Each structure stands twice: as C-alpha cells, then as structure tokens.
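Positions are given from 1 along the sequence. No experiment lies behind these values; they were computed from the predicted model shown.
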Amino acid sequence: MTQKLPADFLWGMATASYQIEGSPAVDGRGPSIWDTFSHLPGKTLDGLTGDVATDSYRLRKQDIELLKAYNVKSYRFSISWSRIIPLGGRNDPVNEKGIEWYSDLIDELLEADIVPFVTLYHWDLPQALHDRYGGWLNKAEIAADFVNYARLCFERFGDRVRYWLTFNEPWCISILGYGRGVFAPGRSSDRARSAEGDSRTEPWIVGHSVLIAHASVVKLYREEFKSQQHGVIGITLNGDMALPWDDSEECRQAAQHALDVAIGWFADPVYLGHYPPFMRELLGDRLPTFTDEETKLVHGSSDFYGMNTYTTNLTKPGGDDEFQGNVEYTFIRPDGTELGTQAHCRWLQTYPEGFRALLNYLWNRYKTPIYVTENGFAVKDENTMPLEQALKDTDRIEYFQGNCEALLKAINEDGVDLRGYFPWSFLDNFEWADGYQTRFGVTYVDYATQKRYPKDSAWFLVNWFKEHIEPPSKSSGEPATSALNNTAPNGHL
Ligand code: GBH
C-alpha cells in the first residue's frame, strides 16, 4: 500500500518580503537595513539590490493566480515591518497604505482557499531602529518595539491569520549579520568588511535579544489574542543535519557540537528552558544568561517547531570557527565519494537520508509538532542557462523527490509529528548576498520582463502532493475545510 499524508497536511510555497516585493519607497514604506546594506558597494555578488526583485508588490494578483494554478494549500510570506511602521518604533506613525496591501493579500489568499502562513520578521529591520538604538543589540528597546509591531499585526490581520511565525532563522540574523558581517547590518570584527562590530560578543547578544523579543510576542498573542483568533504561533530555525564523518567518538561529538550551535542555541531555551551546556563551555560569559523571569518567558514559547533545512554536513572536530562549534564541515566521505548532488551554492548538496534523520532528531529531542517552513535547492549554473534548459530542473526534482519520500517515511514509519511542508521558493528571487545569480525558485523569473515560468519541479511538487494527501473525509458530514475554517493544530494549545 502506498503511504499517504493526512488530509489536513499543509503544503505550500514560501517567500520573504525583501526578496520579492521591490517598490522600496512606494506607498510610504520606510527603509530597512537590507535596503541600506545591499546598496553599499561589494555587499552583493552582482552588485544588485532588492529595489525591484520580482516586483511582487505590484504583481500581487498575478502571483496569487500562479499560486492557485499550483493548487497549494498554503502560502508562507513575510511582512515588511517598515511598510506598516516606516520608522519601526512604538511611538512612530502607522502607515495605513502598507497595512492595506497585506490585508488585501490575505483576503485574496483566503478567497482562493489558500491558508496564509505569516512571518513577522524575515531580516528586514526598519533602518530607523538600527540608527536610533542599535537595533537587535538593544534588548529592552527592540523587544518593546517588536511587541508593538506584532500587536498591530494581530489587531489588523489576526482575525484572518491562523499561523504566525515570529522570526525567520535567528542564527542567520545573529551570525551572518553581526559575526561574519555578510548580511545586514554587516557588523563584524573584520575591519576590511566593517568599521564597527565585535564578532566575539555581538552575535550572542543579538541572539539573546531575538529570543526575548520572540517570547514576549508569543506571550502577548497567548494572553490577548489567542482566545478570539484561535491561531498558533512559533519560531522558525535554520539548521542542517550534522552526521559524524567517520564512526570515531570525536566525530560523533563534533556532530553534536555542530547541532548545539546551529540549532540548540535557540531550540534548547525555547523547548527545554536553557542554553546548551556546550555553548556555555565554548563561550563562557560571552553568552548572556537568562534571568529567572526570562527563562519562564522563553521556555515553552513556541506552539510548534518551525524547521528550515537545506542539507547535511559531515563533521570532524577542528578549526576555530565558533559559529559552527569549532567543527569542520565536509561533503566528502572517508572513501572519497560525495554526499550528493552539488547545488549552485557551495554549502548545499542533496541528501534525503539526512533530512529524515534531522526530522527524527528534532522530534525526539523537542517532542513538538514540526512544520518544515523552508526546504529547497539551487541548480548549478541555472542563471546562465537558456530558459528552456533552466525549466528542466532535474537536479531540483531529484532533491524534492528524495525529501518528499523521506518526509512520508518520517511520518508513517518513524512516527514524527510533521504537519506541513513549504518548498523554498515560490519564485526565483533576491538571494541576499548572492544577488540574483543563485536561483532557488520552482518558478523561473525572467528579470528583464518579470515574466514567470513554472519549472518542471513546480509541477512535480503539485502532482506529488495531489497524489499523497488523503482527500478530506466526507463521512462525518462536516463542512469542507476552507482556508478560514482551517483548524489550528491541536498539540500544545
Ligand atoms: C534561508 O536560509 C533563508 O531563510 C532564505 O531567505 C534564503 O533565500 C534561503 O535560505 C536560501 O539560501 O557558509 O556560514 O554562510 C538558509 C540558511 C544558513 C543556509 C547559512 C546557508 C551558509 C552558512 N542558510 N548557510 S555560511
């Protein structure tokens, strides 16, 4: 018998505001740190910015038509904070035009029977808050302003949104923004990169602020909105599986250390109530400590586990990169073979066994229902291929086929409570420091014309989920599940 996914399994496609919207100054939007950063010379590979991106602020209706054609059950997008509060702060003016745009998007999705899955923060901090008090470096101020922004979102959109994510990938916010300095705001100890910053302390301070801001917003939602709005709220963490390079004890330990820094840094406080002991060992008093009150706030502050994952690393002890736990990563096995198919990005190879292993690791360790909120592949050199060739994206299909089969087994054979899956990304888009050269979309975007062309992988996914999700049961006489009535998951409520 073929294995199936439950009728209420949520699948859809994912995007983020700065990567797709463009129109940075339209309808009163204020600048974010990514506007500033991407306009500095040398910060993106092709020198390009998100000024236009996929022009999705203007092409909203067309994008929704395509989502309908894909028959997705859900769409994950993020709200640009500076569109709805241009200066970002709790005493700053609200921009009704920005609110209207997201409100219309939500209405149009619901009309199309597509469940909105909304991220509050996907890296685009209002520039004014960075200038005013140092943004994420200032825990008390940023937490208060983030709570104010989230309250506005719950008040204005929460009657129609059942799924909220506070943050996308706090590891990236902290390490890439304040440690390596390769993402906005680009702070780092490396003076060739940045005039300001301290990579030894700032990432850990920022991570702590993000956890407090996240948990404060979850508390607000649970106390003031949940009983009327009946949604769920959580955080989404990046994290790739780490497997020992060989079966030595040192390599096994290295794998755990890699997971502690990549995932446990945020997941342990949220689901277990404390930072991983290894991180205290690694960082000493550079890692902030939680007050008792903060521990109470943070522990249990997510209704589900939001999982973004792309690849698997083989781990050996060594090196001095504390951002990966003083562990070396490789894709080359002891026998010299490679783990899987190489993507356009150096850091990404296909390995479905690792995806299944990570689902099991997270389920066993945190015992929390999981939504895969991002998973995807950038085909090598897709950007320089003729269009017809780019649309035949067999490497991306291989990637999704492997991971879809893996998630089916994780649910049906391993008992993992996995409730949703969002391929990254709906469209090719602004891939941060890579600019437009790296394409993660299941839809090809011709940036000269802004025309969208479904790649073969889009149709693969559409058909795969059509074949594998059980039809809604008709026997109970209950009304068909509509996007608005879609009940929230019932674990952890
Ligand atoms: C996601 O991050 C983002 O949420 C999304 O916006 C983005 O478009 C997508 O991935 C594709 O990249 O060698 O130290 O630079 C993915 C998480 C974590 C993956 C950092 C690459 C490289 C580590 N990323 N990792 S490093």
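Of the possible donor and acceptor atoms, one in the side chain of Lys367 sits under 3.5 Å from a partner among the backbone N and O of Asn364. Within the 3.5 Å criterion, the main-chain N or O of Phe304 finds a donor-acceptor partner in the side chain of Tyr271. A distance-only check finds a donor-acceptor pair linking the side chain of Thr368 to the backbone of Tyr366 [under 3.5 Å]. A donor-acceptor pair is defined here as one N or O able to donate and one able to accept, closer than 3.5 Å; no such pair exists between the side chain of Asn429 and the backbone of Thr15. Remark: side-chain polar atoms of Asp35 are paired, donor with acceptor, to backbone N or O of Ser32 under 3.5 angstrom. With hydrogens and angles disregarded, a donor-acceptor distance shorter than 3.5 Å links the side chain of Tyr221 to the backbone of Gly231. A donor-acceptor pair under 3.5 Å is absent between the side-chain atoms of Ser301 and the main chain of Val270, judged by distance alone. Proximity of a side-chain donor or acceptor of Ser209 to a complementary backbone N or O of Trp136 within less than 3.5 Å is detected. Of the possible polar contacts, one joining the Trp101 side chain to the Tyr57 backbone as a donor-acceptor pair under 3.5 Å is found. Distance alone, capped at 3.5 Å, places no donor-acceptor pair between the Lys73 side chain and the Ile114 backbone.
Under a 4.0 Å N-O distance rule, the pair Asp268/Arg365 qualifies as a salt bridge. Residues Glu223 and Lys219 are paired through a salt bridge, judged by an N-O separation under 4.0 Å between the basic side chain and the carboxylate. Look at Arg286 and Glu322 and you find a salt bridge, because one of the NZ, NE, NH1 or NH2 atoms lies within 4.0 Å of a carboxylate O, short of that distance. Between Lys139 and Glu294, at least one side-chain nitrogen of the basic residue sits less than 4.0 Å from a carboxylate oxygen of the acidic one, meeting the salt-bridge criterion. The pair Glu224-Arg151 meets the salt-bridge criterion, with a side-chain N (NZ, NE, NH1 or NH2) lying under 4.0 Å from an Asp/Glu carboxylate O. With salt bridges taken as basic N to acidic carboxylate O contacts below 4.0 Å, none links Arg83 and Asp124. A salt bridge links Arg90 to Glu141: at least one charged side-chain nitrogen sits closer than 4.0 Å to a carboxylate oxygen. Between Glu65 and Lys68 there is a salt bridge, since at least one side-chain N of the basic residue sits less than 4.0 Å from a carboxylate O of the acidic one.
The CD atom of Glu202 sits 4.0 Å away from the CZ atom of Arg187 when rounded to the nearest 0.5 Å.
For an aromatic pair to be called close, the ring centres must be under 6.0 Å apart, and Phe377 with Trp424 fails this. The ring of Tyr371 has its center no closer than 6.0 angstrom to the ring center of Tyr305.
Under 3.5 Å, the side chains of Glu405 and Gln3 contain no donor-acceptor pair of N or O atoms. Side chain to side chain, Asp27 and Asn95 fail the donor-acceptor criterion of an N or O pair below 3.5 Å. For the residue pair Asp240 and Thr311, no side-chain donor N or O sits within less than 3.5 Å of a side-chain acceptor on the partner.
In this structure Tyr310 satisfies the side chain to side chain donor-acceptor pair (under 3.5 Å) test together with Glu374, sequence neighbours excluded.
Checking each of Asn308, Thr236, Asn238 against Asn168 for a side-chain hydrogen bond (donor to acceptor under 3.5 Å, both in side chains) leaves exactly one that passes, namely Asn308.
Taking the six-membered ring where tryptophan is involved, the planes of Tyr275 and His208 are tilted, since the angle between them lies from 30° to 60°.
Under a cutoff of 6.0 Å and an axis angle of 45°, Arg356 and Tyr361 do not form a cation-pi pair.
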